[in-house]
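In what follows, a structure is listed as structure tokens, so that the remarks can point back to it.
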Amino acid sequence: MTYKVLDSSAAPLYPIREVSRLTGVNSVTLRAWERRYGLIRPQRTPKGHRLYARDDIERVERILQWLNRGVPVSQVRELLDQPQAAETSPPQVGDWDSQRQHLVHAVDSLDMGRLEALFNQSLALYPVSLCIAELWQPAIEQLEERWSDQFGATLQRRLLETFLRTRIGTRIYHANQSSNARELVVARLPEDSSGFWALLMGLAASAAGYRVQLIDGELPLGEFPMAIDCLGAKALLLASGQAERGEVVRRQLPRLAEQAEVPVCLAGPIARIRAGDFENTSVVLLGEDLGQAVGRLRSIVDGG
Amino acid sequence: MTYKVLDSSAAPLYPIREVSRLTGVNSVTLRAWERRYGLIRPQRTPKGHRLYARDDIERVERILQWLNRGVPVSQVRELLDQPQAAETSPPQVGDWDSQRQHLVHAVDSLDMGRLEALFNQSLALYPVSLCIAELWQPAIEQLEERWSDQFGATLQRRLLETFLRTRIGTRIYHANQSSNARELVVARLPEDSSGFWALLMGLAASAAGYRVQLIDGELPLGEFPMAIDCLGAKALLLASGQAERGEVVRRQLPRLAEQAEVPVCLAGPIARIRAGDFENTSVVLLGEDLGQAVGRLRSIVDGG
Amino acid sequence: MTYKVLDSSAAPLYPIREVSRLTGVNSVTLRAWERRYGLIRPQRTPKGHRLYARDDIERVERILQWLNRGVPVSQVRELLDQPQAAETSPPQVGDWDSQRQHLVHAVDSLDMGRLEALFNQSLALYPVSLCIAELWQPAIEQLEERWSDQFGATLQRRLLETFLRTRIGTRIYHANQSSNARELVVARLPEDSSGFWALLMGLAASAAGYRVQLIDGELPLGEFPMAIDCLGAKALLLASGQAERGEVVRRQLPRLAEQAEVPVCLAGPIARIRAGDFENTSVVLLGEDLGQAVGRLRSIVDGG
DNA sequence: ATAGGTTTTGTCAAGCTTTTGTACAT
DNA sequence: ATGTACAAAAGCTTGACAAAACCTAT
């Protein structure tokens, strides 16, 4: 067992309690990680006390990123030991965080070319559900939050909308061509100003094999029964982000759900925010995560 | 009795329930046809469950065609075993009037399949400018007029919008890839509730060789200068149908036109209706006809 | 029972709960699929815990697609093991390769309905120049090559010719109606047995805005001067694929080029093959790629 | 069309092991 | 600080079950 050489240079070193505070990882856990998996190997004082360098703390943060993605602790070490392949090439495999940052920045600066490259690249490399869960959903949440502050960001919103509409629309179109599966109507809640969630929901459902009829403009709730009927849909899937003045929806949606002859489902952030409003109604809550939502949909549509 | 050879190739096989769902023939009936007349002979699993290939499903559909013509089930088999003559009705050429009627009817009855066929067929046979001038522009005018009466037609509106967005968006996207021409920003006037005119305008401009950045959502007029700037556009093209309360636009648009460093143009029905409002301002009126509008644009953009 | 080789590269591995979350498939079900049908075989830790790679997750998604199309679980495995089959990879967005394969196959099997669908769909979604460059030109090259071997393929040839003549002819006709641009005569070389290249060339030129007069039957070179003259053409555009015994052309074409009062241009594969033959003559070689050919044409016709 | 028996397939349960964060004694 | 211990959560396997879907024959 070799300890790092104590470097007398002016690099700051932190004791374990500080690292714990900075990263949010219990110090006991930090020690366990070191002992069990050799994940981090800080310097030691002559008495044996741990002294963490900046690099070590960054390493802990990278560990946390992997954990957040669902990778088991026991598997993280190998991932960290191959940093050059992973970290050096910017459009790298699996680095969703940096991809998301790039994405957000591309939208912010109206760099449509970059946006396009990121879209193509992500969807070419990973399964749709992963792209949505790891990249697009978080990125849009981040953007929405940022936009809620500033006023003048309508342009970014609109351009991203236009962009996603075309791309996702084309994908859905082609998928529909070769699918005989149950038809879904995917739409946004009337109060949702941006159609992002409906678009992503449509993409997710289409990738899962459903035939999707997307309605990406505002449509009064009252017209949905006709839509379901005319289009022969097996379920109605409504998606939305925030809902500011949800009164109308709260009252009308349960009624729609009873009236309709097919399941009426709700997904996206609103399904979390307004969860309480729809208890004991026929409205099916599919949760915030769009990937999971599609999963749950399966048992509802195909089961019923 | 010979069953088909089990083919190890990757042809999907469907159980009887799926065949029943796809063809509308009760599964009991399907079995009866097989037992009594040997009409279809699907593969079987080792345990005896039927597995239908695509060919089998098509066969069922042909059976239904004969039945619809009044042929008794017992006679169908002989008919199927004969090579069938191709029966294709070639699309009529140049009959724009009837095409438009079909189009309007397809939208009215939410027959998305028909809508798609008409779109594909028209654009495959005729130049874009002709399709717009003879088919899409008149059809949308007709629809808009009809919709202005009824209230509940939002669904039709939205579905047509969604449809056109995807198709036109894709076309513009690909045209942009292979074009180095002047960039245009095409958008709708803030007051235009439907984006049809902006979409058609974008299609026309793109087909004429321009790089088009489409903004198909509502954007406050105040944000356009930034849009033009960031996107490096050579002109701003606003399109719109009717505009009821045009006060805001009437006042703001001229100001925008003076402020902007590139020509600000107006096209679509509004350019006729509000023609008087913009005399003696910097706003360039391109007229109602979108094809002509693009023509005039050339002298403005490429000339300047 | 063989486990996958543990790969030391930095690929993230996910435990079953994460896969379940991402795909929406209950983890119990995932295990059942593995046990019963061997559908997915993830790596294992030394203690037997499953570790799914990204590939595995994609595999689960593909499974779900088949399930949604109604294929029974027990049948899915075979489908997954044959990924090259046409059914498995539905025509993706911009996936020209697969579109071309479909096209070639449709022609081969005389499936005119499919041929028409592909024609319509490609031209409806993408700009003409792109369709030619990415789909039609390569497809025809592929077909020509295939046909050069077999003898009995004349039927395919003729049917494709008839098909393209009608479609492209209609398009050119209508484009001419609304164009005031320079007139071109597009024809095939007398020795070219099939008119494909002339047809595509005509389509490309027409889409680029020229008025095109198409001559799609064989015409002796000697008659072209009169044709040019009578039709008031600004250039003569000859297109051809292979040319076996090019003697006649080699001698006559330069003479024609000198004689004629307008540029005489050559495009298509022959422009590459016989490039050497026309050095130091007045014949303008536009190259094999028809899209580029039109581009070069512009400087020649509009410049001269 | 119904009846009666079989197959398919998602889910549950029991019993045991592994993983992993935290607590406690040294 | 270290190492052991512990407990909750998550996994694994085998076996079984039940609803839905199928089959044949009447």
Side-chain angles (χ1 to χ4, degrees), chain A residues 1 3 15-17 19-20 23-39 41-52 60 63-64 66-67 70-77 295-296 298-300 302-304, chain B residues 13-21 26-36 42-52, chain C residues 1 3 13-21 23-39 41-52 63-64 66-67 70-77:
Chain A
M1 182 111 138
Y3 291 135
I16 196 168
R17 68 172 175 285
V19 179
S20 172
T23 62
V25 181
N26 193 317
S27 45
V28 186
T29 308
L30 280 173
R31 281 193 283 263
W33 283 354
E34 181 179 348
R35 173 169 28 98
R36 293 210 265 244
Y37 318 105
L39 272 182
R41 302 255 187 111
Q43 293 180 31
R44 303 292 192 125
T45 67
K47 296 261 180 86
H49 285 205
R50 272 163 256 254
L51 287 178
Y52 293 81
V60 173
I63 294 171
L64 286 175
W66 284 118
L67 293 187
V71 176
V73 203
S74 51
Q75 298 299 314
V76 171
R77 198 183 160 183
R296 285 176 195 146
R298 227 177 99 67
S299 64
I300 293 161
D302 298 349
Chain B
L13 296 173
Y14 302 88
I16 199 169
R17 64 168 178 284
E18 192 65 13
V19 181
S20 172
R21 196 183 67 78
N26 193 317
S27 44
V28 182
T29 313
L30 279 173
R31 281 193 285 261
W33 285 354
E34 180 179 347
R35 176 164 34 94
R36 294 207 270 254
Q43 291 180 31
R44 302 286 191 128
T45 68
K47 296 288 174 63
H49 283 203
R50 274 162 258 253
L51 289 176
Y52 294 79
Chain C
M1 179 106 143
Y3 292 136
L13 297 173
Y14 302 88
I16 198 169
R17 66 167 177 283
E18 191 65 12
V19 181
S20 173
R21 191 182 70 80
T23 62
V25 180
N26 193 320
S27 46
V28 183
T29 309
L30 279 173
R31 281 192 285 260
W33 284 354
E34 181 179 346
R35 172 166 34 112
R36 296 210 260 244
Y37 317 105
L39 271 183
R41 300 257 188 114
Q43 290 182 31
R44 303 285 194 129
T45 69
K47 296 291 173 61
H49 283 204
R50 273 161 256 254
L51 289 176
Y52 294 79
I63 294 171
L64 285 176
W66 284 119
L67 292 187
V71 176
V73 201
S74 50
Q75 298 298 314
V76 171
R77 198 183 163 187

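Letters A, B, ... mirror the listed sequences (proteins, then strands); counts begin at 1.
- For the pair A:Tyr52 OH and E:dA1 C1', the computed distance is 11 Å after rounding to whole Å.
- Residue B:Leu30 contributes atom CG, which lies 16 Å from atom C1' of E:dT24 at whole-angstrom precision.
- Separating the CZ atom of B:Arg50 from the C1' atom of E:dA21 is a distance of 12 Å, rounded to the nearest angstrom.
- Reading DNA chain D from its 5' end, the first and the last nucleotide to sit under 4.0 Å from a heavy atom of chain A are D:dT20 to D:dA23.
- Using a 4.0 Å heavy-atom cutoff across all strands shown, C:Ser27 reaches no nucleic acid atom at all.
- Between B:Arg50 and B:Arg44 the shortest side-chain heavy-atom distance falls below 4.5 Å.
- The 5' end of DNA chain D is approached more closely, in terms of each residue's nearest nucleotide, by C:Thr29 than by the other of A:Trp33 and C:Thr29.
- No salt bridge links A:Arg31 with A:Glu34; every basic N to acidic carboxylate O contact stays at or beyond 4.0 Å.
- Note: CG (B:Leu51) to C1' (E:dC23) measures 13 Å, nearest angstrom.
- Between the CD1 atom of C:Ile63 and the OG1 atom of C:Thr23 there is a distance of 9.0 Å, given to the nearest 0.5 Å.
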What protein N or O atoms touch nucleotides 3-10 of chain E N or O atoms at under 3.5 angstrom, if any, and at what distances?
from: E:dA10; atom 1: O3'; to: C:Arg17; atom 2: NH1; distance (Å): 3.4

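- Distances shorter than 4.0 Å separate some side-chain N or O of C:Arg31 from OP1 or OP2 on E:dC12.
- Annotation: the span from A:Leu39 atom CG to A:Trp66 atom CH2 amounts to 13.0 Å, rounded to 0.5 Å.
- Here the closest non-hydrogen pair linking C:Leu51 and C:Pro42 is O-CB, 3.4 Å.
- Going from atom CD of C:Glu34 over to atom C1' of E:dC12 covers 11 Å, rounded to whole Å.
- Taking atom NZ on C:Lys47 and atom P on E:dT13, their separation rounds to 15 Å, with Å as the unit.
- Atom-to-atom distance recorded for B:Leu13:CG and B:Glu18:CD is 12.5 Å, nearest 0.5 angstrom.
- Interatomic distance, A:Gln75 CD to C:Gln43 CD, rounded to the nearest 0.5 Å: 8.0 Å.
- At a threshold of 4.5 Å between non-hydrogen side-chain atoms, the residues A:Val76 and A:Trp33 do not count as touching.
- Residues C:Val19 and C:Val25 have side chains not in contact (no heavy-atom distance under 4.5 Å, counting atoms from C-beta outward).
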